[in-house]
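Ligands are counted one by one from 1 in listed order, and the atoms in each one are counted from 1 as well. Owing to the predicted nature of the structure, the values given are computational and were not obtained by experimental measurement.
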Amino acid sequence: MELTALAETAGADVVAVLMQALPAPNAATVIGPGKLAELKQTIDETDADLVIFDADLTPGQMKNLLQKTEKKIVDRSSLILDIFARHARTHEAQLQVELAQMEYYLPRLTRQWTHLSRQEGGIGTRGPTRGPGETQLEVDRRAVRKRIAYLRKKLDKIEQQRETRRKIRQHYQKVALVGYTNAGKSSLMNMLTDANTFVEDRLFATLDSTIRTLVLEDSREVLLIDTVGFIKKLPTHLVASFRSTLNETADADILMHVVDVSHPAFEEQIAVVLDILGDLGISGRPLLTVFNKIDRLKDRGLLTELAERYPQSVFTSATSGMGSTALRSELREILSKSEKSGTLTVPASASRLLAYMHEKAVVTEIRWEGNTARVTFRAAPDVYNKIMTMAKGVRE
Ligand SMILES: Nc1nc2c(ncn2[C@@H]2O[C@H](COP(=O)(O)OP(=O)(O)OP(=O)(O)O)[C@@H](O)[C@H]2O)c(=O)[nH]1
Ligand SMILES: [Mg+2]
């Protein structure tokens, strides 16, 4: 079960799992009274000290559950926030996670809620420092708001620097790896580029974006972007805080959707990822579906079926390198479809333009007549436009 995997990633030891299907969640306690009694009994029997809910709880529900169970209560969002906090490595990711945490905690800073959660370390206690009493609470709230303002300002500054870097990169075609967490995005990046991106069998191993140059067989250079993975019910605060990281993805010309085809719920995960891409407003891009981890499949018949249902797809095993050639040639194919081609007459004196064309475009033919060259080339739309502008400058 996914929640179990998340809880374990956060360092919890899962002693019992309870399920309830309700037409609508109970307003006061999410679960119904009968299930609540069962929960209390399970807590007694297993000596659990933490209860994690797969739903998101309102501050009121959290308070009620805390009073009724006298145990720490953690909901899905705060659990994911906690994992992000543990895994954030870069300064930016740390700021982004802290901002999301502060915004999550602010409406939940109540005396009752902090009463128990203050006592032990561990999951759900990584929020702001809290103290007892209403006055203290006001002081805390003010401190949290101040911190939120500070974090926003810091992140704005980083965002500006990122903008500058993005401008430098704008003449490259970009391919972004997207997909459910743990699908193998970072492993694929390593397979394709010999990069040393952090890979681990845990959820949300990657929290920032890594960019590497990928050189394809026609010596075309593209940028490959690896970034944070998606999950069902990704907390909204997180999506908002990570927007600038995700913007790298929004910039991409092609999306490589990595799917762990050995996961029993991979079809659902595909739907979740497509949904989030839609929410981020980046669903219209050329999309290559990469069915990864095929080495773990017992039934290869599934692949034939998938190949029919997903015409633009490849099958890979990032750990063994299987499918690498097919993936590269598929990428090349898609990239060349989005390219524009043209022919220009360029004087030999326009050395800057010629150098630029050789570096950023694919020059397919060059014919010299005296001191001018007729250059036939193809390039990404951005590069094509830049070349045309430069050529106009040369003629004038
Ligand atoms: N058997 C097998 N394992 C794989 C394959 N690709 C990746 N893995 C493993 O799956 C786990 C997750 O891989 P990552 O590359 O970290 O996945 P990710 O999509 O970057 O995950 P997040 O960064 O957490 O979103 C690691 O233990 C990898 O070794 C594969 O093709 N076959
Ligand atoms: Mg990763």
Check: residues 279-297 side-chain donor-acceptor pairs under 3.5 Å, at least two apart:
residue, atom, partner, partner atom, Å
Arg285, NH1, Ala250, O, 2.7
Arg285, NH1, Ala252, O, 2.8
Arg285, NH2, Ala250, O, 3.1
Asn292, OD1, Thr316, OG1, 3.0
Asn292, OD1, Ala318, N, 3.0
Asn292, ND2, Ala183, O, 3.1
Lys293, NZ, Asn182, O, 2.9
Lys293, NZ, Asp260, OD2, 3.3
Asp295, OD1, Ser317, OG, 2.8

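- Two residues are said to be in side-chain contact when any heavy atoms from C-beta on lie closer than 4.5 Å; Arg86 and Thr9 fail this criterion.
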Kindly indicate, with the supporting measurements, whether the criterion side chain to side chain contact (heavy atoms under 4.5 Å, CB included) is fulfilled by Gln20 and Glu38. CA-CA 11 Å; Gln20 184 174 39; Glu38 192 189 330; over 6 Å; no
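- Annotation: Ile294 places no N or O atom under 3.5 Å from an N or O atom of ligand 1; distance criterion only.
- Interface of Ser317 with ligand 1, defined as ligand atoms under 4.0 Å from a residue heavy atom, comprises 31 (O).
- Between Thr181 and ligand 1, at least one pair of N/O atoms sits closer than 3.5 Å.
- Both the backbone and the side chain of Lys185 come within 4.0 Å of ligand 1, counting heavy atoms alone.
- Proximity of Phe230 to Asp275: side-chain heavy atoms (C-beta onward) are nowhere separated by under 4.5 Å.
- Residue Ser186 places at least one N or O, backbone or side chain, under 3.5 Å from an N or O of ligand 1.
- No hydrogens or angles considered: a donor-acceptor pair under 3.5 Å links the side chains of Ser78 and Asp75.
- Counting backbone and side-chain atoms alike, Ser186 contributes an N/O/S atom closer than 2.8 Å to the Mg ion (ligand 2).
- Contacts between Asn182 and ligand 1, counted as non-hydrogen atom pairs separated by less than 4.0 Å, involve both the backbone and the side chain.
- Remark: Phe377 engages Tyr384 in a ring pair (Phe, Tyr, Trp, His ring centres under 6.0 Å) (not counting sequence neighbours).
- Taking every heavy atom of Ala318 and a limit of under 4.0 angstrom, the matching atoms of ligand 1 come to 6 (N), 30 (C), 31 (O).
- Within the listing of ligand 1, atoms 25 (O) sit less than 4.0 angstrom from a heavy atom of Gly229.
- Ligand 1 lies nowhere less than 4.0 angstrom from a heavy atom belonging to Gly179.
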Could you please spell out the steps behind the side chain to side chain contact (heavy atoms under 4.5 Å, CB included) verdict for Leu214 and Arg328? CA-CA 10 Å; Leu214 167 62; Arg328 284 166 163 273; 3.8 Å; yes
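- Applying the 4.0 Å criterion to heavy atoms of Arg296 picks out, from ligand 1, the atoms 1 (N), 2 (C).
- Checked for salt-bridge contact, Arg76 and Asp54 meet the test: a charged N lies under 4.0 Å from a carboxylate O.
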